[in-house]
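Step one of this worksheet: look at the structure below.
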Amino acid sequence: MTPQKHLNLLVQSVVIWALFWVAGLPSYYQQYSAPALGVACTILSVLISLAAIRILQRSRPENRRARALWCSVYYTVTFAVLDSLYCGVYLGHGAGYLTQYWYLSVFYITPWLTFLPTEALLRRAP
């Protein structure tokens, strides 16, 4: 990927994080019940899966693996760093935020479980 495409993915991931942060105000989703957060996470996971299919299908087959990898990196590392700064440092929760804000933590793993397998399935498709 070109440096410009890396920058685009970084900016896109920061903007998406900021939109989720604003949507979670005033307490970064702590105001909702665990079951409601579970349902929201499930719906969001399905939407991410659909987005992964769309993003990867639009890529040239020879670029899909790299695109899947970089999407996984930018949509996990960026979110984890920004959440760590906000929840861990600014709000003062330290590493404990990973369990207190479990509904954020699951999305540090799910892109890896979505984009890379989706790419593998698309590679095998006729």
Quick one: [atom1] on [X] to [atom2] on [Y], what's the gap to the nearest 0.5 Å?
X    : Y   : atom1 : atom2 : answer
F20  : L25 : CZ    : CG    : 13.5 Å
T118 : R54 : OG1   : CZ    : 15.0 Å
M1   : L7  : CE    : CG    : 10.0 Å
S13  : L82 : OG    : CG    : 7.5 Å
K5   : R67 : NZ    : CZ    : 5.5 Å
L9   : C71 : CG    : SG    : 5.0 Å

**OP:** Determine yes or no for a side-chain-to-main-chain donor-acceptor pair under 3.5 angstrom, with Q31 supplying the side chain and G24 the backbone.
**Re:** yes
Original post:
Under 3.5 Å, side chain of Q100 to main-chain N/O of C87, donor-acceptor pair present?
Top reply: no
State plainly whether one hydrophobic cluster holds both [X] and [Y], where clusters connect Ile, Leu, Val, Met, Phe, Trp and Tyr through side-chain heavy atoms under 4.5 angstrom apart.
X    : Y    : value
V39  : L50  : no
L116 : I109 : no
L104 : L19  : no
V15  : I48  : no
L44  : Y32  : yes

Do you know the tightest heavy-atom contact between [X] and [Y]?
X    : Y    : result
P111 : S72  : O-OG, 3.4 Å
P117 : L113 : CG-O, 3.4 Å
C41  : W102 : SG-CZ3, 4.4 Å

**OP:** For side chain to side chain contact (heavy atoms under 4.5 Å, CB included), just list the numbers for L56 and F115, CA-CA rounded to whole Å, side-chain angles, deciding distance to a tenth of an Å, and then say yes or no.
**Re:** CA-CA 8 Å; L56 295 174; F115 279 90; 4.2 Å; yes
Does any part of the side chain of [Y], heavy atoms only, come nearer than 4.5 Å to the side chain of [X], both counted from C-beta?
X   : Y    : result
N63 : R60  : yes
L69 : W112 : yes
Y29 : L37  : yes
R65 : W70  : no

Subject >> Test log, rule side chain to side chain contact (heavy atoms under 4.5 Å, CB included), inputs F79 and I16 >> reply: CA-CA 9 Å; F79 293 175; I16 290 170; 3.8 Å; yes
Original post:
Do W17 and T78 have a side chain donor and acceptor closer than 3.5 Å?
Top reply: no
Subject >> N8 side chain to Q4 side chain, donor-acceptor N/O pair below 3.5 angstrom >> reply: yes
Original post:
Would Y108 and V77 satisfy side chain to side chain contact (heavy atoms under 4.5 Å, CB included), going step by step from the backbone distance to the final call?
Top reply: CA-CA 7 Å; Y108 306 152; V77 175; over 6 Å; no
**OP:** Would you sort out whether Q12 and Y74 count as a side chain to side chain contact (heavy atoms under 4.5 Å, CB included), showing the intermediate values?
**Re:** CA-CA 9 Å; Q12 188 180 66; Y74 282 103; over 6 Å; no
Subject >> Those residues that, when tested against Y86, pass ring pair (Phe, Tyr, Trp, His ring centres under 6.0 Å) (two or more places apart) >> reply: W21, Y28, Y90
